[in-house]
Amino acid sequence: MNEELRIQDLSWKPEGKNKKILENISTVLKSGEFYGIIGPNGSGKTSLIRHIMHFLSIQEGDILLSERSLKTFSRKEFAQKLSLVPQNTNIDTDFTVYDIVSMGRNPYHRFLESNTEQDKLIIEEAMKMTGCLEMKDKSFRELSGGEAQRVIISRAIAQNTPYFILDEPIAHLDIRYQVELMKNLKEINEKKQITIIAVLHDINLAASYCKKLILMKRGKIFSEGTVEEVLTLKNLKTVYEIDFNILKNPTNGKKYYIPE
């Protein structure tokens, strides 16, 4: 089955406002890719993610998964296709790390139904992938920001969906945890062929780990494609309205995008 996510002529205007936040967004997000959605504040990145996750009702256009409108999915069907890693992981609960990760299996059970042995294997594998297994008995509220984010990603892995949606997942993390998280996501994408769509503010981290980029400006897709195609000096200046320098690391050949 073709699991591509197709966005068709999506437009959205908040109630009582005259200006559209999203305007005629059309793109195809192909299975198995790692997409970074970038752009300045107010460009519509989070609004786009909130539409994909069905937090905002579609006013104009449509979003289709496997050629089927997301509007026709039941909550359970939706949760078996798309999982969310939110920006805010401040869950004030005494649940253990294991309890939080095991919630990823809820879409596959009836109410109050226990996890099967297969579920337990999936949960354990998810925790191993993000290095959470050794803290499975810790209370979630005792975790650092980086640890909590890894647990929420483990929950998404345990949910076993073909799509991961992440809304600024590194916004409140220090640089060490930002890099660790992006490495984890890249590994998940490559090993499990999960399609990842992440809103990111850091251009250099997006360039280092994402396979494809979507550059937004004022509610529209300004450019999309490979890192090389999207992150040109012309595109960067037009969208961010400042000049950039593009530098190359002599050791690994990676490019870095530095505002002047």
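For this chain, numbers begin at 1 and follow the sequence in order. Side chains included, hydrogens not; waters and symmetry mates left out as well; all remaining heavy atoms used.
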Quiz item: When you look at Arg68 and Glu77, which way does the salt bridge (Lys or Arg N to Asp or Glu O under 4.0 Å) test go after all the steps?
Solution: CA-CA 12 Å; Arg68 178 182 168 190; Glu77 286 177 315; 3.0 Å; yes
For a salt bridge (Lys or Arg N to Asp or Glu O under 4.0 Å) check, start with the C-alpha distance between Lys13 and Glu23, then their side-chain angles and the critical distance, and finish with the verdict. CA-CA 9 Å; Lys13 181 174 65 175; Glu23 189 169 357; over 6 Å; no
Pair Lys183-Glu180, salt bridge (Lys or Arg N to Asp or Glu O under 4.0 Å): steps then yes or no:
CA-CA 5 Å; Lys183 285 181 177 178; Glu180 282 187 5; over 6 Å; no
Using side chain to side chain contact (heavy atoms under 4.5 Å, CB included), reason through Met216 and Phe222 one step at a time and then give a plain yes or no.
CA-CA 5 Å; Met216 296 187 67; Phe222 183 85; over 6 Å; no
Exercise for review: Apply side chain to side chain contact (heavy atoms under 4.5 Å, CB included) to the pair Tyr98 and Lys120, showing each step before the final yes or no.
Suggested key: CA-CA 10 Å; Tyr98 186 89; Lys120 293 174 183 177; 3.8 Å; yes
- What do the steps show when you test Arg218 against Glu241 for salt bridge (Lys or Arg N to Asp or Glu O under 4.0 Å), and what is the final call? CA-CA 12 Å; Arg218 296 175 185 169; Glu241 299 179 355; 3.0 Å; yes
Going through the distances and angles, do Glu224 and Val28 end up as a side chain to side chain contact (heavy atoms under 4.5 Å, CB included)? CA-CA 10 Å; Glu224 59 182 319; Val28 177; over 6 Å; no
Open item on the list: If you apply the rule side-chain hydrogen bond (donor to acceptor under 3.5 Å, both in side chains), what do you find for Ser69 with Asp62, and how did you get there?
Closed with: CA-CA 7 Å; Ser69 174; Asp62 206 352; 2.9 Å; yes
Side chain to side chain contact (heavy atoms under 4.5 Å, CB included), that's the test. Do Asn184 and Glu187 meet it? Break it down for me. CA-CA 5 Å; Asn184 274 336; Glu187 181 181 6; 4.2 Å; yes
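Proximity of a side-chain donor or acceptor of Thr161 to a complementary backbone N or O of Tyr163 within less than 3.5 Å is detected. Put simply, the side chain of Lys45 gets close to the backbone of Gly39: a donor and an acceptor are under 3.5 Å apart. A donor-acceptor pair is defined here as one N or O able to donate and one able to accept, closer than 3.5 Å; no such pair exists between the side chain of Glu168 and the backbone of His201. Without hydrogens or angle criteria, Arg155 side chain to Met103 main chain gives no donor-acceptor distance under 3.5 Å. Here the side chain of Asp119 pairs a donor or acceptor atom with the backbone of Thr116 at under 3.5 angstrom. Using modelled atom types, one side-chain atom of Ser26 and one backbone atom of Asp9 make a donor-acceptor pair closer than 3.5 Å. With Gln8 contributing its side chain and Ile63 its backbone, the two residues share no donor-acceptor pair below 3.5 Å. Between the Glu229 side chain and the Thr226 main chain, a donor and an acceptor come within less than 3.5 Å of each other. Looking at Arg6, its side chain never comes within 3.5 Å of a backbone N or O of Glu67 through a donor-acceptor pair. No donor-acceptor distance shorter than 3.5 angstrom exists from the side chain of Glu33 to the backbone of Lys212, with no hydrogens or angles considered.
Heavy atoms only, all atoms of each residue included: Ala148 and Phe140 are closest at CB-CZ, 3.8 Å. When every heavy atom of Arg105 is checked against every heavy atom of Ala158, the shortest pair comes out as NH1-O, 2.7 Å. When all heavy atoms of Gly44 and Leu22 are compared, the pair lying nearest together is O-CD2, 3.4 Å. Between Tyr240 and Pro40, the shortest heavy-atom distance links the atoms CE2-N, 3.7 Å. Shown here for Lys186 and Phe34, the closest heavy-atom pair between the two residues is N-CE1, 3.8 Å. In this structure, Cys132 and Val97 approach most closely via the heavy-atom pair O-CG1, 4.4 Å.
Tracing side-chain contacts under 4.5 Å through hydrophobic residues (I, L, V, M, F, W, Y), one reaches Ile58 starting from Phe73; they form part of the same cluster. Phe55 and Leu70 fall within the same hydrophobic cluster, defined by Ile, Leu, Val, Met, Phe, Trp and Tyr side-chain heavy atoms under 4.5 Å apart, directly or through other members. Hydrophobic clustering (side-chain heavy atoms under 4.5 Å, transitive across Ile, Leu, Val, Met, Phe, Trp, Tyr) keeps Met129 apart from Leu121. Cluster membership check: Tyr108 does not share its hydrophobic cluster with Ile122, using side-chain heavy-atom separations under 4.5 Å among Ile, Leu, Val, Met, Phe, Trp and Tyr. No single ILVMFWY cluster, assembled from side-chain heavy atoms under 4.5 Å apart, contains both Leu64 and Tyr35.
Note that CD1 of Ile214 and CD1 of Ile7 are 6.5 Å apart. Values are rounded to the nearest 0.5 Å. Rounded to the nearest 0.5 angstrom, Ile196 CD1 and Ile165 CD1 are separated by 9.5 Å. Atom-to-atom distance recorded for Asn235:CG and Thr232:OG1 is 3.0 Å, nearest 0.5 angstrom. A distance of 9.5 Å separates CD1 in Ile203 from CG in Leu213, rounded to the nearest 0.5 Å. Distance check: Lys136 NZ to Glu134 CD gives 11.0 Å after rounding to the nearest 0.5 Å. In this structure, CG on Leu143 lies 9.0 Å from CD1 on Ile152, to the nearest 0.5 angstrom.
No cation-pi contact links Arg75 to Phe78, judged by a cut-off of 6.0 Å to the six-membered ring centre and 45° from its axis. By the 6.0 Å and 45° rule, Lys254 stacks over the aromatic ring of Tyr209.
Salt bridge absent: Glu4 and Lys30 never bring a charged side-chain N and a carboxylate O closer than 4.0 Å. In summary, Lys255 and Glu228 engage in a salt bridge, as defined by a charged side-chain N under 4.0 Å from a carboxylate O. Note on Lys138 versus Glu142: no salt bridge recorded, every NZ/NE/NH1/NH2 to OD/OE distance being 4.0 Å or above. Salt bridge status for Lys128 with Glu124: present, with a side-chain N to carboxylate O gap under 4.0 Å.
The shortest distance between side-chain heavy atoms of Gln149 and Val85 falls below 4.5 Å. Looking only at side-chain heavy atoms (C-beta outward), Phe164 and Ile197 stay at 4.5 Å or farther from each other. Put simply, the side chain of Asn249 reaches to within 4.5 Å of the side chain of Tyr256, judged on heavy atoms.
Residue Lys217 places its NZ atom among more than 12 non-hydrogen atoms of other residues, nucleotides or ligands, all under 6.0 Å distant. For Lys20, the NZ atom sits in a packed shell: over 12 heavy atoms of surrounding residues, nucleotides or ligands are nearer than 6.0 Å. Residue Phe95 places its CZ atom among 12 or fewer non-hydrogen atoms of other residues, nucleotides or ligands, all under 6.0 Å distant. Within 6.0 Å of NZ on Lys237 lie no more than 12 heavy atoms contributed by other residues, nucleotides or ligands.
For the residue pair Asp99 / Ser102, no side-chain donor-acceptor distance below 3.5 Å is found, with atom types taken as modelled. With hydrogens and angles left out, the side-chain atoms of Arg50 and Thr46 include no donor and acceptor closer than 3.5 Å.
Checking each of Leu48, Ile221, Leu200, Leu166 against Ile37 for a side chain to side chain contact (heavy atoms under 4.5 Å, CB included) leaves exactly one that passes, namely Leu48. Tested against Leu236 for a side chain to side chain contact (heavy atoms under 4.5 Å, CB included), the candidates Ile38, Leu231, Asn245, Val230 yield a single pass: Leu231.
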